[in-house]
Amino acid sequence: MNGDGTTLWEVAVLDGGPADGLRVRVADRSGVVQVTCPCELDVPSSGVRVDALYVYRREPRVRGGSLRYGFDAASP
């Protein structure tokens, strides 16, 4: 948040993993971004959904002025 209580939104680029190259808007330079992809179920289920979870961590150095998040291959 800014000093006046407003949220700072920035465009960030995701590097690596299943979301490589996607541009997203993040709030207040969040340290981590989670990306989910739906999984198909073998048997239809009533209201249950399964998603694969991928984690991207903010890169400490900004290259070329863009906020970037790198894929964390060790994440769940």
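Contact between Asp20 and Tyr56 at its shortest, heavy atoms only, is N-OH, 4.1 Å. Taking every heavy atom of both residues into account, Thr7 and Ala27 meet most closely at CG2-CB, 3.6 Å. The shortest heavy-atom contact between Ser30 and Val32 is OG-O, 2.9 Å. The two residues Ala12 and Val26 make their nearest non-hydrogen contact at CB-CG2, 4.2 Å.
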Less than 3.5 Å apart, which donor and acceptor atoms pair up between the side chains of residues 37-46 and the rest of the protein, not counting sequence neighbours?
none

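In this structure the side chain of Val24 reaches within 4.5 angstrom of the side chain of Leu14, judged on heavy atoms.
Interatomic distance, Asp15 CG to Tyr69 OH, rounded to the nearest 0.5 Å: 12.0 Å. Note that the CG atom of Asp72 and the OH atom of Tyr54 stand 13.0 Å from one another [nearest 0.5 Å].
Residue Val33 is grouped with residue Phe71 when hydrophobic side chains (ILVMFWY) are merged at heavy-atom distances under 4.5 angstrom, including chains of intermediate members.
A salt bridge is absent between Arg25 and Glu10: the closest approach of a Lys/Arg side-chain nitrogen to an acidic carboxylate oxygen does not fall below 4.0 angstrom.
Although no hydrogens or angles enter the test, the distance criterion places no donor-acceptor pair under 3.5 Å between the side chain of Asp51 and the main chain of Thr36.
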Item to complete: Please assess Val11 against Leu67 for the test side chain to side chain contact (heavy atoms under 4.5 Å, CB included), listing each intermediate value before the final yes or no.
Response: CA-CA 7 Å; Val11 174; Leu67 180 59; over 6 Å; no
